[in-house]
Every structure is written in C-alpha cells, then in structure tokens.
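First the structure, in the form of structure tokens, and then the observations on it.
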Amino acid sequence: MKIYNTLTKTKEPFIPLITDRVGMYVCGITPYDSCHVGHARCYVAFDVIRRYLEYSGYVVTHIQNFTDIDDKIINRARERNVSPSKLSKQYEDEYFTCMDSLGIKRADEYPKVTKHIPEIIEFVQVLINKGHAYVLGGSVYFEVSSFPEYGKLSGRRVEDLLAGARVEVDEQKRHPADFALWKNAKPEEPSWDSPWGKGRPGWHIECSAMSQKYLGNTFDIHGGGQDLIFPHHENEIAQSEGYTGQQFAKYWIHNGFVTVHKEKMSKSLGNFFVLKEALSQYHPQIVRLFLLTTHYRSPMDFSPDKLDMTKASLERVYNLTDKLREMGCFGFDMEESIDRDNVMKHHPYPEAYKCVQVIQKTEERFKAAMDDDFNFPEALAVIHELITVTNKLISLLDAIDVSSVADNEATAIVAAGKQCLKYSACLLTQLAENVLGIRVQRERLGQGCNGQKTLTDGLMQLIIDLRQTARETKNFQMADIIRDRLKALGVTLEDTAEGTRWK
RNA sequence: GGCGAUGUAGCCAAGUGGUAAGGCAGAGGUCUGCAAAACCUUUAUCCCCAGUUCGAAUCUGGGCAUCGCCUCCA
C-alpha cells in the first residue's frame, strides 16, 4: 500500500509503527455552524481510508476531535445569547446526524478541548520549560524560531511568511509568526485557571495534546483538509515535536476541496452548500457516491446536475442487485463459490467463461487501485466493470435454456454460473458496501431524506385515484378489494364528501 | 510578492514513458405486447509551442488559462 505523504510530497509505502495496527487522527470540526458539503467530503474520504485499512487487516484506532471552544464559538454564542457549550453541542449533534446518514463509521473517540484543559496546560508548560514558548501578558506563545524545522510540512519559510504581509502583526509577540498556545481571558469569556492566569487554549494546541493522549507521541496517520496544512498542521508539528523531540505523525494525508463553479466552497465566500440541505434533496447514498468519484486529493466541483449523474449510476447498481437478490445470490461467503472456474471453462458459451475470469480478477484489481494512494475512482471503475460483466453473465445464463446442450450438462453449467453470480454478490457486498460504504441493496433515491415519505404519499394518492376511477365506473367490487387489502396492511381509507383520505 | 495545484470525449473522471479505464448523456441494434432493465456496436490522440526519446497525455523548458494556501476554514 502506498500513501501520498504531504510531508515528503511523494507516495510512500505504508509501514505502520506497529505491525497490523494503525493510529489515525483526523482533524474534526469547530462546531459553531452547520457542516457543508466540503466537510462531508473530508469525512467520507477518511471513512473509506479507515475502512480500507481495516479490510486490509489493520486494527485502526481512529481519533477525531471537536474544537469546542474558540473565538468563533464564543462570538456566535454571544450573538445568539446561548452558552458556548450549548451551541457546540447543537452542532455536534447535527454533525453526527449528517455523518451517520452518510454511513460514516464512528471514530473510536471524539475528544473535546473543554474536556482536556489539564492536558493542554501541562503541554504548554512543558513547551515553556523547554524554551519553545514564552509568557506574555497572561498569554503564552510558541516561539517559532526555537523550532528550526518550522515550515517543513507546508514548504514555507518564515521569511516568506513575513513577505506576505498577511500575518497578523501582534505588537506584543517576539516574532510575527509566533502563535498563541494559551490566550489570556477577556472579560466575560469562558476561561480556565492556569499558571498564567485565567484563559483558554489557543487554536492548535488541542490537537497536539489530545492526539498525544490517545495515540502517543508518534502515530501513523494525521489527516484533514488541505486548508489545514498551514498554519494548523504546521503548528501542531512544531508543538508536538518541540515537546517530545520525536517525529509527530508519519503520514500526512490531506483531502482536496469541494468547489462551486471552480471556487473553493467556504463560509467567507458564501458559496457553500449546507450539508443537511443537500442531504434533504439528494439521498445520502448519492452524495456519498458522488464524493468518491474524484480522487481524494483533487479538487471536485459540486453541482446538482453532477449528483443527478451519480444517481443514475447508483440506479445501475441497484438494477443488478435487484436481480441477484431475486435469484437468491446474496448472503453467501466467498468460499461457497468454489469450482466455478473449472465448470465454466467448459461452458458452451466461451463468452461466459470470459465473464467469470473478469469477475475473478475483481478483488485483485480493486486492491491494486486502493493500494495506490486510495484511488477511489479507479476502484469504482472496477466495481462498474464487475456490474457489466455480471449482467452479461446473467444474460448468457438466461440464454442457456434454449440451447441444445444435454439436460444434465445444462444443469451443471447453470449451477456453476449461479455460483459465479453468488461470488459477484459477495464482491459487491465486501468491496462496494464494506469498503466504499455504498450500500448495494436498492434504496429509494427519490428525494433525499424525505424520499420515503414523498414516495408513500405519492403511491397512496395513486391507489386512491385508481380506486376512485373504479367507483365512478360502478366497479365497487374492485374498490372494496382495494380497501380491504389496504386494511390488511394497516392502512385505513375514509371516503368523505371532500374526497378519500388515508391513515 | 512567496509557495503549490490543475487543464484528458457533450458532461464527470482515471491513467504519469509504449499507441487513451469507468460513469452519465447521445446514436444504431438485439430482446420485449408497450415500456423499463440488460446485452452488442458506436462517440477523444490528452490547453499551446519547443525539446529529450525508437516511442510522451505521461519527462524537460517556455507560454496560456483556471484555482488554492500564505487570515478563520474540511
């Protein structure tokens, strides 16, 4: 398995610190507002990465933080006249609602800043003791010049940062690039006691302190959006490596942005799609699949018509799994599809044997794609080819009934073919569903989360209209049958002067 | 100003030295009472220019275009 490492800007063989175990820290959200589609991309991407690592035999420890105290939360809470903790809780809940619907597996821990103040204070104190930080007016700053490797992740030099002239120039700091580890409390702000007075953690310190607590000084994978490379992750490295003197994360994985009309989706540009709204219009499975159609490091442009294309391709999956389910092909283990190769070799249709060969290579090709820096689109292509060839095999097996093969031979061949179809079903379940997280059994894709209700309403209206037609043509027998059958299903019809209603 | 990314068919998107995966859309055909699904056939020489090479979308140099980070941001 190879992973593109932002730190080295190359694809590197993945070698975990401990055989068969992977520690992965993914930067979570600051819960002060609703998630947008960009968040979904990030967490879907790392969900698939996590699933693939598990599929590959690793035991993964996945940690993802909530930065639940910060300027943005304080300000927003003040605007709404609620407590910061209540505000952050609201958006944490919303986060889980959205991500659960997308089929994202829960991380092992979701540590919060406010629950780790002692660890953070200790971390800051060590940095001061080691000469990496200094106290200034109740705040504590990291001294960038004390960490010569500063800039190694983002490829920046401190001198260049100054040339940009966009670094906030704090009159007090020793150097403009120094950043806050601990912020002196302003009046009426949430604060905690510390050796430097009342205050709260700076932005980057929580990830250093909490990743260390849950994953140790050095761990395998640290991930997040590309916009976190600088300054967030750069600063994390400075803090953590300044503290431990050891390498922080071995592999840095960063996902690309979601754009709208080619521009980054962001709060400040106001061009973002709120995730929960996107999910109410498009089924979460469509959104999830869409997010996998582009390599995780490339930018991807979001637009409704692209989701429509994705929806069509997902229907294609269901069209096949409908057939496989009707044929009783699901629910078997890989091992049960034995001997298909031998029998199919003598299939009277050589085309069928070719199908089998393609099916047999699916898993290997899927792995090759995913092993190459998690190439989601390539892996999806493999799945689509599996679907095509499985459909083809079904067609060929259908045709065998009318062939001139001897009965007993035809039976054996059809049985072998069926084994192949079971194998296809296994592959779809294991690869598409378990690894990519695309559920392969048909779901109503109609109208996002509201689809079920809308469909039911529509169907009921259709039945009522048909029954009304029967009543108008005096076909009361049919009308009564409809009413009785619905009653048996727990649906009651009421004919009123205003029309028929159901409950 | 510094650093970086991208430019492949109508649309989306893989491929990073040997003559272009896959999906969506389109066209023709098979099947079908009709439709749908499925199957078959079909739709590109890879932004431009120069160079390296037997051979480049794939490497080098130069353009053009778009975008990102350097300020909160997945």
Side-chain angles (χ1 to χ4, degrees), chain A residues 6 9 11 26-30 32-33 35-46 64 67 70-73 75 95 151 154-169 177 203 223-234 254-259 261-269 272 275 289-303 305-320 322-323 351 355 365 369 372 375-396 398-399:
Chain A
T6 308
K9 293 183 169 55
K11 281 185 198 172
V26 179
C27 279
I29 59 164
T30 299
Y32 77 105
D33 202 349
C35 289
H36 58 231
V37 177
H39 295 100
R41 182 183 192 192
C42 175
Y43 301 116
V44 166
F46 283 100
Q64 185 173 315
T67 301
D70 148 288
D71 288 347
K72 292 191 294 295
I73 290 177
N75 293 336
Y95 170 89
S154 57
R156 289 185 167 78
R157 292 175 306 175
V158 176
E159 311 87 79
D160 294 336
L161 291 176
L162 296 180
R166 290 173 78 181
V167 177
E168 117 190 41
V169 180
W203 173 31
Q226 278 173 355
D227 46 0
L228 296 180
I229 295 172
F230 191 91
H232 186 54
H233 288 162
E234 194 70 72
H254 292 97
N255 64 280
F257 299 125
V258 176
T259 62
H261 301 310
K262 305 289 184 190
E263 284 189 321
K264 180 186 172 186
M265 186 183 288
S266 73
K267 293 279 164 64
S268 49
L269 287 170
F272 55 91
L275 183 56
L289 180 57
F290 168 71
L291 293 172
L292 297 177
T293 57
T294 302
H295 186 95
Y296 78 88
R297 281 192 284 115
S298 303
M300 75 184 306
D301 206 57
F302 181 88
S303 69
D305 57 307
K306 285 169 190 158
L307 288 174
D308 289 333
M309 295 198 319
T310 305
K311 179 183 172 186
S313 72
L314 190 52
E315 286 286 354
R316 185 166 173 270
V317 176
Y318 298 155
N319 289 337
L320 172 63
D322 281 348
K323 286 188 220 167
E351 283 295 309
C355 292
R365 292 175 60 212
D372 184 14
N375 193 331
F376 305 158
E378 185 76 35
L380 280 174
V382 172
I383 297 296
H384 274 116
E385 286 176 82
L386 171 68
I387 290 168
T388 298
V389 83
T390 303
N391 273 320
K392 186 171 177 177
L393 184 58
I394 290 173
S395 300
L396 291 167
D398 282 347

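Values below: every heavy atom of this structure, side chains too, minus hydrogens, waters and symmetry copies. Letters A, B, ... mirror the listed sequences (proteins, then strands); counts begin at 1. Everything numeric in this text was worked out from a predicted model, so none of it was measured.
- With a cut-off of 3.5 Å on both pairing distances, A44(B) has no Watson-Crick or G-U wobble partner at all.
- Side-chain contact between F302(A) and L307(A) is present, with at least one heavy-atom pair separated by less than 4.5 Å.
- Within the 4.0 angstrom heavy-atom criterion, no nucleotide atom of any strand lies near G223(A).
- Between E378(A) and R365(A), none of the side-chain N atoms (NZ, or NE/NH1/NH2) sits under 4.0 Å from a carboxylate O, so this pair counts as no salt bridge.
- The nearest whole Å value for the distance from the OH atom in Y95(A) to the P atom in A74(B) is 11 Å.
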Practice item. Would you mind building the protein contact string for nucleotides 36-42 of chain B? One character per nucleotide, 5' to 3', B for base within reach (heavy atoms under 4.0 Å), S for sugar-phosphate only, - for untouched. Key: -SSSS--
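- Atom pair Q226(A):CD and C70(B):C1' shows a separation of 14 Å (rounding to whole Å applied).
- Separating the C1' atom of U8(B) from that of A56(B) is a span of 14 Å, rounded to the nearest Å.
- Taken to the nearest 0.5 Å, the CG atom of D372(A) stands 3.5 Å off from the NZ atom of K11(A).
- In this structure, I29(A) CD1 and H39(A) NE2 are separated by 6.0 Å, a value rounded to the nearest 0.5 Å.
- R297(A) and T6(A) form no side-chain donor-acceptor contact under 3.5 Å, judged by distance and modelled atom types alone.
- Because its NZ or CZ atom is both nearer than 6.0 Å to the ring centre of F230(A) and within 45° of the ring axis, R156(A) counts as a cation-pi partner of that residue.
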Exercise for review: Go along nucleotides 25-31 of chain B 5' to 3' and tag each nucleotide: B for a protein heavy atom under 4.0 Å from its base, S when only backbone or sugar atoms are that close, - otherwise.
Suggested key: -------
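- One finds the NE2 atom of H36(A) at 9.0 Å from the CG atom of L275(A) (value rounded to the nearest 0.5 Å).
- Across all strands shown, G38(A) has heavy atoms under 4.0 Å from base atoms, whether or not it also approaches the sugar-phosphate.
- Salt-bridge check for D301(A) with K306(A): passed, with a basic side-chain N closer than 4.0 Å to an acidic carboxylate O.
- Checking C3(B) for Watson-Crick or G-U wobble geometry (two distances, each under 3.5 Å) identifies G68(B) as its partner.
- Using P as the reference atom, U30(B) and G15(B) are 39 Å apart when rounded to the nearest Å.
- In this structure, I29(A) atom CD1 and C72(B) atom P are separated by 18 Å, rounded to whole Å.
- U60(B) sits 24 Å from C67(B) when the C1' atoms are compared, rounded to a whole Å.
- If you check U16(B) for Watson-Crick or wobble pairing at under 3.5 angstrom, you find it has no partner at all.
- Comparing the same atom, P, in G23(B) and in G33(B) gives a spacing of 29 Å after rounding to whole Å.
- No engagement by V382(A) is indicated, since no non-hydrogen atom pair under 4.0 Å with the nucleic acid exists.
- Across the protein-nucleic acid pair, D33(A) atom CG and C72(B) atom P stand 18 Å apart, rounded to whole Å.
- The two residues F46(A) and G223(A) have their closest heavy-atom pair at CZ-CA, 3.5 Å.
- The heavy-atom pair separating Q64(A) from Y43(A) by the smallest distance is NE2-CE2, 3.3 Å.
- Pairing for A9(B) is absent, judged as Watson-Crick or G-U wobble with the two contacts each under 3.5 Å.
- The separation of A9(B) from A44(B), taken at their P atoms, amounts to 11 Å, rounded to a whole angstrom.
- Between the P atom of G22(B) and the CG atom of L289(A) lies a distance of 17 Å, rounded to the nearest Å.
- Nucleotides of RNA chain B nearest to E263(A) and G224(A) differ in position, and the one nearer the 5' end is that of E263(A).
- In terms of position on RNA chain B, the residue among C42(A) and L380(A) whose nearest nucleotide sits closer to the 5' end is L380(A).
- One finds a side-chain N or O of H39(A) lying less than 4.0 angstrom from the OP1 or OP2 phosphate oxygen of A74(B).
- Counting any heavy atom pair closer than 4.0 Å across all strands shown, Y43(A) reaches sugar-phosphate atoms only and no base atom.
- Annotation: C12(B) and U32(B) have their P atoms spaced 39 Å apart (nearest Å).
- The pairing partner recorded for A38(B) is U30(B), the criterion being a Watson-Crick or G-U wobble arrangement whose two distances lie under 3.5 angstrom.
- Within the shown strands, C59(B) is the pairing partner of G51(B) under the Watson-Crick or G-U definition, both distances less than 3.5 Å.
- Side-chain contact between F290(A) and M309(A) is absent, with no heavy atoms from C-beta onward closer than 4.5 Å.
- In this structure, H254(A) and H233(A) have tilted ring planes: the angle between them lies in the 30° to 60° band.
- With P as the reference atom, A36(B) and C11(B) are 26 Å apart, rounded to whole Å.
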Output a table of nitrogen or oxygen pairs between the protein and nucleotides 3-14 of chain B separated by less than 3.5 Å.
from: A14(B); atom 1: OP1; to: H295(A); atom 2: N; distance (Å): 2.8
from: A14(B); atom 1: O3'; to: N375(A); atom 2: ND2; distance (Å): 3.0
from: A14(B); atom 1: O2'; to: E378(A); atom 2: OE1; distance (Å): 2.2

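- Nucleotides A35(B) and G26(B) place their P atoms 16 Å apart, quoted to the nearest Å.
- Remark: P of G23(B) and CG of L386(A) are 12 Å apart, rounded to the nearest angstrom.
- Using a cutoff of 4.0 Å between basic side-chain nitrogens and carboxylate oxygens, D227(A) and K264(A) are scored as salt-bridged.
- The CG atom of N75(A) lies 10.5 Å from the OH atom of Y32(A); values are rounded to the nearest 0.5 Å.
- A straight line from CD of E385(A) to P of C24(B) spans 13 Å, rounded to a whole angstrom.
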